[in-house]
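Below is one structure; the comments refer to it alone.
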Amino acid sequence: MSSSLLWAVDVYGKVYSLSTTRGRWERDEDTLLELKRVTAGQRCSWGIGCDHHVYLNIDPGEVPIRYREETYENQRWNPVDGFTDVLLPTDRWAWSDLTGVTAQPLHSFLLPSDSWEWEGDWYVDQVCAGGDPTETGGWEYAVDFPANFSREKKWNSCVCRRRWIRDRIYKARGSWTKIPLDHPKQPPLPLSDISCGGWEMSDQPGRYHFLWGVSQQGQVWFRSGILPQVPEGQCWEEVEAPREVAQISAGPGDLLWAVLWDGQLLVRTGICLDSPTGSSWVVVDSPPVKEGGTIHVAVGVSVVWAITKDYKVWFRRGVNSHNPCGSGWISIGGEMMMVDVGLNDQVWGVGEDRGLYFRKGVTPSEPSGRGWIPVSAQWGHSKETVQPRSVTYGVHTENAHFPLFLHCIRFHVFCMLTSQNKYPCKWPYHLVNTWTLLQFHKRTCISKKYTSVWVRKGSMRWWRDWKPYRWVDVGVALEQSTNVNGKRDAIFFIYFTQYDEKKYLHVFISDVTVLVPVLKENSHHAFAVYTSDSTKQRWPLILAAQTEKDMADWLSLLAGCCCEARGIRGTPSRQALWSVTSKGDVMVHEPSPCLEALAHTLPCDMMFWLQVPGHLRCVESNSLGVVWGIGYDGTAWVYSGSGSFFHLSTLNRATLHTQTDGRTVYIYENQRWNPMTGYTDKLLPTDRFPWSDDNGFTECTKSTTHPPSPQWSWVTEWAVDFAFSGGTDKEGWQYAADFPVTFHGNKSLKDFVRRRRWVRKCKITLTAPWQEVPPIPLSDITVLPCLAQSSMEQVPVWGLSDKGDVLCRLGVTPQNPAGSSWLHVGTDQPFKSISIGGGHQVWAIARDRAVFYRGSVSASNPAGECWYHIPSPPKQSLRQLSVGRTSVYAVDENSNLWYRQGLTPSYPQGSAWELISNNVTKVSVGPLDQVWVIADWVPGCPSELSVPGAVCHRLGVGPMQPKGQSWDYGIGVSHFQLGVDLIPLPTRIPLSQENGNSVGL
């Protein structure tokens, strides 16, 4: 029967273990053993003794640990004695290793420690290097050293060798033994802390772990050479740290955190099988406490717990292999002296009374748990239970009550998989956390109250999102269930094999928040499945179908089940939220009636986004059902759909149109000047690629650059782009002193590099519920935000042409959303952004960054009378704005969000600008002054994981607090191994406050 083991050390150095199979505390058989620290891994445990030595305890097993020593006996032929061990001065040693460099006589082989014993005496290996048995006493012959040896002796064979072998076996399994000291190298003694981990990094069955230590001088050490056949390792290697380290913790994967003496935290990055010591340290701020810093840290698969000097417990959110630093701290109730993370990221702690506590309620969906409970267990063979909260110490007798006074704990994976375990012991935690693996006790769909039916089964490829990353062939199945009330739900299963065992994970369809296609080269028809939990982890479930048709069928089926589980039918309602992704996909969220109610605000990570057929660059809508959009080629489109909108086959054919859109793809040709050949594509090793993208980090050649997706097709050939900002010469080149600096069109004597941009156009053609509004190409569009119960003869729609002209659309009604004609509104200069809000307030930004307000706009006078200049924020240039019922928000060139103060009916221009937040790409204000933004990036998320475009909602907006109080914002999600741009989804995280205003997004 498999089990797990919890190791504990009391204040007297005595070692105890608590097994899940025996359910009682047991003291180690070695009563003289005293340890200061203990750490446990897969099938082995390490400790630091009170004598400053490092101890190892390997679990008993049926397969012995055996190591084979070998040495080679070498001889040379001479005319007098024949083959003899008298060699030439330039030859190898008479007894050596395989290469002959190191002398290895038989008597030089010693047992590395008392934990080993010889299994027999030395004997000759009768099998030669080629695998064939020899008939000459194991000798192999060759012309000279070194050469290819063979078992046949020839007339020119002048040298020979044979291999001697001897096996030694590890005899100390199940007991604590000292590991040998490093000779002649001085070991890192004395050690103050030790931690092992990393056994889940390898995909091979014979996995080994990494051992880290901290000396009393604050140095970090790594035990190298730990292998299944060499469990003690070989030697200690120092890992440079920026400052003195006090404590260290390694997780089962590639996470490693350390605590500095000043209370700050270090995270080791770059840890992998090829580089077990990692590459660099990253400093992470301690939890926000008034005095002191961190004194203890514990790492799991994808969780980090910390204890501060006031003994408060903290949980680090957003930690995983892709983001080892996490995103922020969460305060956890209770006071502990230390914590340790065990199986399935379960948490154990030692309280201030030295008692043992267990964190209850730790689940994949709630990794921080719900509370601490004391651990009670029997002592030895006594039927009485031990209450670790007791601070007294009793003398141990056979039937005595023995309360533990704990000093150190470590959780130990004793055995591996069993059918009786609630979770597989060796299951990667991020799967459990993201998809609530095997949590059927929470939501059971196969019972007497439900009837289930398999909707569809098939095979796909699944992108495994833990190291080593790769595509895995899996089976998939969709099971739909119906309760007695007729309500339907479904579960999406993914079946795969790991270590010759069949496993699976599942996703409840009602938990899915978005389904979106992604691109992995041209051979993978992949799509991503997001849930609220996977959004927080920043890694979706990515599957790839065999053909594009299979992917479309699965997306249609899953989207239909999602809509059915949420009761969504028909076209998007008039209150729907519309958005577009950076790829041009059109997404819709169907809100609940209480979306804007402050007491019932829907968290952003619970919003379900559904893809609508079409391709747009931007979209605008209002509560009367008028939806306008602009394509990448400037074509204006108006939504005309009816019927069910998650599958084209159910749409009204009269509302379907042929929608086209075009995009321009750019690549750059880079060259450097050479005194011999002039400008050439032979660049320096530190330069960018000869053919690259704009920033030069990615290689992009004409042959390897493809359209955005297989739905796109080229419509032109590659051509030099002469319409390049900064100007070009007659061949299209721009010049600069070096990469990267500002380029210009005229060559000078100081210009050593040059580049030119190549352009090619592509086109996509879709059948979608969008009607074209000819003939003027647009750069911006705005629709009056109004309430659903509003009644008006015409809906105000304003736009900007691609040349910057201001246009007003006439004849727009809910029955005729396309309107009838454009009315030109006079301006002195071209505009780049425009917005209309409540009371027909029209605000705009000119291309020279000046802000204007249009006066006297009304239903009877839709074009207004004149423009009023509005001062911009000090030393800032605005690029986009949005107008609500009584508020105006704007975004400047530095991604700062501004609020216009002092707006009144008598003075609609307002009085001043107030800074609200930063990191904002675009803002949209609704009819009730609700504020939605697109965040430029997410704080706490590394730049390689963060994708511009996180949907964020302003909380606390009301008549008494028009600026709101905090943000409910999304975490950008990226899967950079795939090289795709995935849609970001939100998570709920409050922001810091200053004078009632958010100071950071």
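Every heavy atom of this structure was used, including side-chain atoms; hydrogens, water molecules and symmetry mates were not.
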Closest non-hydrogen atom pair between Trp637 and Gly631, with its separation: CD1-N, 4.1 Å

Check whether any side-chain N or O of Ser877 sits under 3.5 Å from a backbone N or O of Arg849 as a donor-acceptor pair, and report yes or no. no

Polar side-chain atom of Arg566 near backbone of Ser510 as donor-acceptor pair, under 3.5 Å: yes

Could you tell me if the side chain of Leu616 sits less than 4.5 Å from the side chain of Trp770, heavy atoms only? yes

Looking at CG of Leu778 and CG of Asp802, how far apart are the two atoms once the value is rounded to the nearest 0.5 Å? 8.0 Å

Ring-ring centroid check Trp932 His589, cutoff 6.0 Å: no

Does Asp805 pair with Lys803 as a salt bridge, N-O distance under 4.0 Å? no

How far apart are the C-alpha atoms of Thr635 and Asp661, what are their side-chain angles, what is the distance that settles it, and do they pass the side-chain contact (heavy atoms from CB on, under 4.5 Å) test? CA-CA 8 Å; Thr635 304; Asp661 200 2; over 6 Å; no

Taking Gln841 for the side chain and Gly839 for the main chain, is one N or O donor matched with an acceptor at less than 3.5 Å? no

Side chain to side chain contact (heavy atoms under 4.5 Å, CB included), paired with Leu878, selected from Val851, Ile870, Asn896: Val851

Trace of the side-chain contact (heavy atoms from CB on, under 4.5 Å) decision for Cys786 with Leu624: CA-CA 7 Å; Cys786 55; Leu624 295 179; 3.4 Å; yes

Here the pair of heavy atoms bringing Ser911 nearest to Gly902 is OG-CA, 3.7 Å

How about His657 and Thr767: do any of their side-chain heavy atoms sit closer than 4.5 Å? no

Could you check whether any side-chain heavy atom of Lys761 comes within less than 4.5 Å of a side-chain heavy atom of Val665, counting everything from C-beta outward? no

Would you indicate whether Asp828, at its atom CG, is surrounded by more than 12 heavy atoms from other residues, nucleotides or ligands within a distance under 6.0 Å? no

Ignoring hydrogens and angles, tell me if any N or O in the side chain of Asn861 forms a donor-acceptor pair with the backbone of Ser856 under 3.5 Å. yes

Can you check whether Tyr530's main-chain N or O pairs, donor with acceptor, with Thr513's side chain at less than 3.5 Å? yes

Taking the six-membered ring for Trp, are Phe724 and Phe743 ring centroids under 6.0 Å apart? no

State the CG-CZ distance between Leu558 and Phe527, to the nearest 0.5 angstrom. 5.5 Å

Does the cation-pi check pass for Arg954 over Trp967, that is, NZ or CZ under 6.0 Å from the six-membered ring centre and within 45° of its axis? yes

Arg847 side chain to Gln829 backbone, donor-acceptor under 3.5 Å: no

For the residue pair Tyr632 and His615, does the interplanar ring angle fall in the parallel (under 30°), tilted (30 to 60°) or perpendicular (over 60°) class? tilted

Quick one: pull up CD in Gln880 and OG1 in Thr921 and give me the separation to the nearest 0.5 Å. 9.5 Å

Indicate whether any N or O donor in one side chain lies under 3.5 Å from an N or O acceptor in the other, for Ser895 and Asn919. no

Honestly, is Arg900 close enough over Trp913, meaning NZ or CZ under 6.0 Å from the six-membered ring centre and within 45° of the axis? yes

Hey, what do you get for CE (Met587) to CD (Gln611), rounding to the nearest 0.5 Å? 5.5 Å

Given side chains that start at C-beta, do those of Lys963 and Val931 come closer than 4.5 Å, heavy atoms only? no

Can you find a heavy atom in the side chain of Tyr907 that is under 4.5 Å from one in the side chain of Gln909? yes

Taking the six-membered ring where the residue is Trp, are the ring centres of His869 and Tyr853 under 6.0 Å apart? no

With a 4.0 Å cut-off on N to O distance, would you call Lys832 and Glu893 a salt bridge? yes

Minimal heavy-atom distance between Ala528 and Val518, with the atoms involved, is CB-CG1, 4.1 Å

Arg617 CZ to Ser779 OG distance, which is reported to the nearest 0.5 Å: 7.0 Å

What I'd like to find out is whether the side chain of Leu897 reaches to under 4.5 Å of the side chain of Val933, using heavy atoms alone. yes

Is it true that a side-chain atom of Thr827 and a backbone atom of Pro830 form a donor plus acceptor pair closer than 3.5 Å? no

Indicate whether the side chain of Asp511 and that of Thr531 have a donor and an acceptor atom separated by less than 3.5 Å. no

Ignoring hydrogens and geometry, is there a side-chain-to-backbone donor-acceptor pair from Asp968 to Cys952 under 3.5 Å? no

Looking only at heavy atoms, which two atoms of Leu766 and Gly614 are closest? And how far apart? CD1-C, 3.7 Å

A side-chain contact here means heavy atoms from C-beta on lying under 4.5 Å apart; do Ser623 and Pro927 qualify? yes

Donor-acceptor pair, Thr782 side chain versus Ile836 backbone, under 3.5 Å? yes

If I take atom OG from residue Ser579 and atom CD1 from residue Ile934, how far apart are they, to the nearest 0.5 angstrom? 6.5 Å

Do Pro862 and Arg809 have side chains that get closer than 4.5 Å, going by heavy atoms? no

Report yes if the distance between the aromatic ring centroids of Trp628 and Tyr639 is under 6.0 Å, otherwise no. no

Just by modelled atom types, is the Thr716 backbone N or O under 3.5 Å from a matching donor or acceptor in the Arg760 side chain? yes

What closest approach, in Å, do Gln659 and Ala768 show between heavy atoms, and which atom pair accounts for it? OE1-CB, 3.7 Å

Working for side-chain contact (heavy atoms from CB on, under 4.5 Å), residues Asn622 and Val795: CA-CA 9 Å; Asn622 71 354; Val795 179; 3.5 Å; yes

Flag the pair Phe831 / Trp867 as yes when their ring centroid distance falls below 6.0 Å, and as no otherwise. yes

Carefully, step by step, assess Val529 and Val512 under the rule side-chain contact (heavy atoms from CB on, under 4.5 Å). CA-CA 7 Å; Val529 181; Val512 174; 4.0 Å; yes

